[in-house]
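Before we start, here is the structure in question, set down as structure tokens.
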There are 2 protein chains.
Amino acid sequence: MHILFLRESYKNSSIRYMFKINENYLHLSRSYLFSTISKKVDEFALSNPNADIIRLGIGDVTQPLSPSVIDSMHKSVDEMSRKETFRGYGPEQGYKFLREKIATTDFQKRGVKIDADEIFISDGSKSDTGNICDILGDSNTIAITNPVYPVYLDTTIMRLGNSNNLMLLECNEENGFLPDIPVKSIDVVYLCYPNNPTGTVMNRIKLKQWVDWALYNNSLILFDAAYEAYIKDDEIPKSIFEIENAENCAIEFRSFSKNAGFTGLRCSYTVVPKALKTMSSNGEKQSLNMLWGRRQATKFNGAPYIVQRAAEAVYSIEGQKEVGDFISYYMNNADVIRNGLIKKGWTVYGGENAPYIWLKCPDENDSWSFFDQLLEKCHIVGTPGVGFGSNGEGFFRLTAFNSYEKTVEAVERINTHL
Amino acid sequence: MHILFLRESYKNSSIRYMFKINENYLHLSRSYLFSTISKKVDEFALSNPNADIIRLGIGDVTQPLSPSVIDSMHKSVDEMSRKETFRGYGPEQGYKFLREKIATTDFQKRGVKIDADEIFISDGSKSDTGNICDILGDSNTIAITNPVYPVYLDTTIMRLGNSNNLMLLECNEENGFLPDIPVKSIDVVYLCYPNNPTGTVMNRIKLKQWVDWALYNNSLILFDAAYEAYIKDDEIPKSIFEIENAENCAIEFRSFSKNAGFTGLRCSYTVVPKALKTMSSNGEKQSLNMLWGRRQATKFNGAPYIVQRAAEAVYSIEGQKEVGDFISYYMNNADVIRNGLIKKGWTVYGGENAPYIWLKCPDENDSWSFFDQLLEKCHIVGTPGVGFGSNGEGFFRLTAFNSYEKTVEAVERINTHL
């Protein structure tokens, strides 16, 4: 550290300089998928003012928050109005009342050994899957799938730039959109199952192969389980920590967005096991739990108290029932889309343990021409698969998050007009 | 970017590797100031179970949220309970209704040209003052004051490590705890006024010198104005953008924590002017507003809708009056402490346009021995100045955030026992 004794005028100094940006940002693609889509949809709506457009594009929920969550928030808002019950700064890692509920309900009761001090509450999985790079070295090789949720790609570019250290794991029809185990050197891999965008899932055997690979190679798996609530099949693990020894090689991201409808309320959590360690260049073992705790304590101030109380309500008996109802509602929509398209003879992935249906564009259409057809002929908005990576070309994503009525109508329109 | 074709077994591969952490974290100090304090206080409380401890240490508010904020939250919680008014994902930059209120009330009505699209709503100034480093290059020289709010130091170490690029701007009694203009090469400087921890402020002339310096040198000022609401003196700018041309060299951080008591509710905003640009190495001008927008869209999903509605209520006529009452309440406490200590003949900084009183420890005590005396003789907790940097040695911070009754009692105890 440098100490300045500053006396003379800076204008006498010959030094001129200019502050620098993180130039990795210049490698990001400029046009964001969803803004391109919304521009196209806006133009269509303008020239077709009477079209009743059904949106099956963005993965946002539509059902309102459930009664237990609403009740709990009214109560905690009232607490904030009285001096005796007012809450200021909370613990950066989250309130114990919530961390303990999570540890017991989502893990211990399912036979998975995760403790409350391995849970970090935050404002969203998007934040955490992005910010996790803060604690990782920038010489790591990082792998993402192709196709992929764009946040992992952009986050990695922000960290690594247009570097050879960013690797793509190919997912395609041949491997059922599940990446093969890498043979090349990879330090960190993002895996998201149930998958966004393909709706595919990893069964216990496949996920164990990844854990074994990571353990053998001292690699880190960043496991995004934001859609775990949609898993119906018992053979599909809801958490990577259901796999033996995964606590030595994985961090898991979970969210209240897609199970309890918190997309506008913002609450999620990240599991960083105390067992997860790696070696620093001085030969010392470093705990990722400690590092992430330090990161959060420095750059985050906890999720709002009322939001953490809302999340706590999700774990009440009533709350758990309500979550079950949400999931059934959306998965019924997924069935409607999936079965409708299969009946039409189309090739469909996902939609069985995930709210996303990944379809092969019929008639050898590419993703964007199918997007145009669907919008023009059926007035339906979806997401072109190619927007998630080159392997998405010729594929298309539909989501189960609209209302039942609109979903049924969408499938009818597809049957009639395509 | 690398594409992998993965066929052979990874166990046949001779490559073994190990994922790496961000080793800059190893340069962070291990014991955090406030945890050391709370350990000491806990020990004291255990051996003195009847002591009525008054806490003037941490800068957290104690008054409950005001009626307009509470009303607005109940309303928006109800909106979230109905399908027609439910809100899912909001805009990452924040809702327009809030950004527009901020732009008109906090800036335009005060004659400062800041538009709504230069305002980014977030969950806290701590997050933003830390995360802003994401968009800055790591070859920048970064300056912080000594003493300093520890987050700037830790954030900078996380980015730069124990590097010569981290510089300290000396603040001491000689310069009235206001740093001199640097002559050496500095790309980025954190300034916080009203200051935490010293409670000092920068008048228009002094702040203009900093802006002129930054413009001359193409440096960036990260201006933390979290305590602007406490400014009573008209000669003290509430925003750096009151200084001509500051929009070409500064980013400003503002918070609802200390004016409206949102420390547990989490809402703040950051102003990144569209005029703020720097050159990248390819010779192109880069807009910081665009870069921060891209960062937030990728790694953040907006503050909760109900919290943004709560912040909007702060700008109602009633809300503005309530904020005024909060500030008067705490500043009355500041007066009580400041005047009490001056009457005792102690040397005191701050407390006039800031909720922090920065006192010179009497009888040539160092910061920690004064901490012990204050705790043992008066049962009062404060913060040792040395915890904010070496120039804080021999100084001590007291905050105005306790209740009026406790504050009066604290001063009486100091008068009686010290």
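Below, chains carry the letters A, B, ... as their sequence lines are ordered, and counting in each starts from 1.
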Q. Pick from B:V69, B:V61, B:N140: which one has the most heavy-atom pairs with chain A under 4.5 Å?
A. B:N140
**Q.** Contact origin within B:Q286 toward chain A - heavy atom pairs under 4.5 Å
**A.**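 Contact with chain A: side chain only.
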Side-chain atoms of residues 297-304 of chain A: list all donor-acceptor pairs with protein atoms under 3.5 Å, sequence neighbours left out, distances to 0.1 Å.
| from | atom 1 | to | atom 2 | distance (Å) |
| --- | --- | --- | --- | --- |
| A:T298 | OG1 | A:R294 | O | 2.9 |
| A:T298 | OG1 | A:R294 | NH1 | 3.4 |
| A:K299 | NZ | A:D134 | OD2 | 3.1 |

Q: Working to the nearest 0.5 Å, report the span between SG of A:C133 and CG of B:N22.
A: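 It is 10.5 Å, given to the nearest 0.5 Å.
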Q.
Could you measure the distance from the CG atom of B:D138 to the CD atom of A:E23? Nearest 0.5 Å is fine.
A.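 Atom-to-atom, B:D138:CG and A:E23:CD are 10.5 Å apart.
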Q.
Which heavy atom of B:Y25 sits nearest to which heavy atom of A:L291, and what is that distance?
A.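 Between these two residues, the closest heavy atoms are CB-CD2, 3.6 Å.
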(Q) Please rank A:G264, A:G90, A:G130, A:P64 by heavy-atom pairs under 4.5 Å with chain B and give me the top one. (A)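 Top count of heavy-atom pairs under 4.5 Å with chain B: A:P64.
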Q: Sort A:S66 into side chain, backbone, both or neither according to what part of it lies under 4.5 angstrom from a heavy atom of chain B.
A: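 The answer is neither part of A:S66.
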Q) A:R295 versus chain B, heavy atoms under 4.5 Å apart: side chain, backbone, both or neither? A)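 Interface part for A:R295: both.
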Q. Where is the tightest heavy-atom contact between B:V77 and A:I70, given as atom of each residue plus distance?
A.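 Nearest heavy atoms, B:V77 then A:I70: O-CD1, 3.3 Å.
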**Q.** Part of B:T62 lying under 4.5 Å from any heavy atom of chain A
**A.** both
Q: Go through A:V151, A:I135, A:N24 and name the one with the most non-hydrogen pairs under 4.5 angstrom from chain B.
A: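 Heavy-atom pairs under 4.5 Å are most numerous for A:I135.
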Q | chain B contact via A:D60 - side chain, backbone, both or neither, heavy atoms under 4.5 Å | A | both
Q) Taking atom CD of A:Q296 and atom NZ of B:K126, what is their separation to the nearest 0.5 Å? A)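 Between A:Q296 CD and B:K126 NZ, I get 9.0 Å after rounding to 0.5 Å.
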**Q.** Pick from A:V188, A:D154, A:D123, A:I142 with the largest number of heavy-atom pairs that fall under 4.5 Å of chain B
**A.**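 Between A:V188, A:D154, A:D123, A:I142, the count favours A:D154.
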Tabulate below the donor-acceptor pairs under 3.5 Å that side-chain atoms of residues 80-88 of chain B make, not counting sequence neighbours, or state none.
| from | atom 1 | to | atom 2 | distance (Å) |
| --- | --- | --- | --- | --- |
| B:S81 | OG | B:D78 | O | 2.6 |
| B:T85 | OG1 | B:E79 | O | 2.7 |

Q: Supply the atom-to-atom distance A:F19 CZ to B:D187 CG, rounded to the nearest 0.5 angstrom.
A: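 Between A:F19 CZ and B:D187 CG, I get 9.0 Å after rounding to 0.5 Å.
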Q | Straight-line distance of B:T278 OG1 to A:M18 CE, nearest 0.5 Å | A | 5.0 Å
Q. What residue, out of A:M73, A:H74, A:M290, has the most heavy-atom pairs lying under 4.5 Å from chain B?
A. A:H74
(Q) Rounded at 0.5 Å granularity, tell me how far CD1 in A:I21 sits from CG in B:L288. (A) 8.0 Å
Q: Start with the C-alpha gap between A:N282 and B:L26, add the side-chain angles, then the distance that decides, and say whether side-chain contact (heavy atoms from CB on, under 4.5 Å) holds.
A: CA-CA 10 Å; A:N282 60 7; B:L26 304 180; 4.2 Å; yes
Q. Which bit of B:T129 comes within less than 4.5 Å of chain A, counting heavy atoms only: side chain, backbone, both or neither?
A. neither
Q.
Using a 4.5 angstrom heavy-atom cutoff, name the option from A:S139, A:P179, A:G124 with the most pairs to chain B.
A.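 Among A:S139, A:P179, A:G124, the one with the most close pairs to chain B is A:S139.
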